[in-house]
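Quick note: numbers below take in every heavy atom, side chains included, and nothing from hydrogens, waters or symmetry partners. In what follows, residues are counted from 1 in the order of the sequence shown.
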Amino acid sequence: MRLEEEFVGRRLHFAELLKRVASQLESDTFQVRGKKINMPDEDMEFKISHKIDYGANKLTISIEWLDQEE
């Protein structure tokens with residue numbers, strides 16, 4: 001399953017989005033398109049990357065983890 005949200009705006013709009021995401025992560029209420037994302041407290045991999053391809057820039061911030069076995 002893949003859920004995505006897209007936004008267009010200025011640098012400050014992106015900073016506000018990051019602040020909102022950080023707040024939701026801290027309070028364990030993070031959602032994408034209204035669906036709560038259950039994240040573990042440990043064993044997560046964080047990545048930040050920047051790519052330039054023919055003048056087009058892409059900044060990616062990602063978090064990866066495996067589902068916890070119950």
Side-chain angles (χ1 to χ4, degrees):
M1 176 190 317
R2 180 180 177 133
L3 298 171
E4 272 186 0
E5 288 188 77
E6 292 185 23
F7 305 92
V8 175
R10 298 172 175 235
R11 186 178 336 146
L12 291 178
H13 295 140
F14 183 64
E16 287 299 319
L17 172 65
L18 290 177
K19 290 175 188 175
R20 183 178 55 130
V21 167
S23 176
Q24 290 177 1
L25 289 173
E26 287 177 352
S27 63
D28 194 28
T29 60
F30 184 66
Q31 296 184 13
V32 177
R33 290 184 133 335
K35 180 180 181 345
K36 183 174 183 310
I37 307 301
N38 295 313
M39 302 171 82
D41 287 328
E42 54 189 36
D43 297 329
M44 297 169 59
E45 183 176 315
F46 308 97
K47 296 178 185 177
I48 298 176
S49 64
H50 177 247
K51 178 181 175 182
I52 301 173
D53 192 12
Y54 298 105
N57 288 267
K58 182 176 184 177
L59 175 68
T60 304
I61 301 172
S62 66
I63 305 170
E64 296 180 22
W65 68 92
L66 295 175
D67 288 336
Q68 294 177 336
E69 293 183 38
E70 297 186 33

S.K.: For Asp53, I'd like to know if atom CG has over 12 heavy atoms of other residues, nucleotides or ligands within 6.0 Å.
M.R.: yes

S.K.: Measure the CG-NZ distance between Asn57 and Lys51 for me, rounded to the nearest 0.5 Å.
M.R.: 11.0 Å

S.K.: Looking only at heavy atoms, which two atoms of Val21 and Phe30 are closest? And how far apart?
M.R.: CG1-CE1, 3.7 Å

S.K.: Search all heavy atoms of Leu3 against all heavy atoms of Lys35 and return the closest pair with its distance.
M.R.: CD1-CD, 3.4 Å

S.K.: Are Phe46 and Ile61 co-members of a hydrophobic cluster defined by side-chain heavy atoms under 4.5 Å apart?
M.R.: yes

S.K.: Starting at CD of Glu16, measure out to CZ of Arg10 and round the result to the nearest 0.5 Å.
M.R.: 14.0 Å

S.K.: Just how far is it from atom CH2 of Trp65 to atom CG of Asp41, taken to the nearest 0.5 Å?
M.R.: 11.5 Å

S.K.: Distance-only, no hydrogens or angles: does the Lys36 side chain make a donor-acceptor pair with backbone N or O of Asp28 under 3.5 Å?
M.R.: yes

S.K.: Counting heavy atoms not belonging to Leu59, are there more than 12 under 6.0 Å from its CG?
M.R.: yes

S.K.: Do Met39 and Leu25 make a side-chain contact, defined as non-hydrogen atoms from C-beta onward lying under 4.5 Å apart?
M.R.: yes

S.K.: How far apart are the closest heavy atoms of Glu5 and Val32, and which atoms are they?
M.R.: OE2-CA, 3.4 Å

S.K.: When rounded to the nearest 0.5 angstrom, what is the spacing between NZ in Lys47 and CD in Glu64?
M.R.: 4.0 Å

S.K.: Which atoms form the tightest heavy-atom contact between Gly55 and Ile52, and what is the distance?
M.R.: N-CG2, 4.1 Å

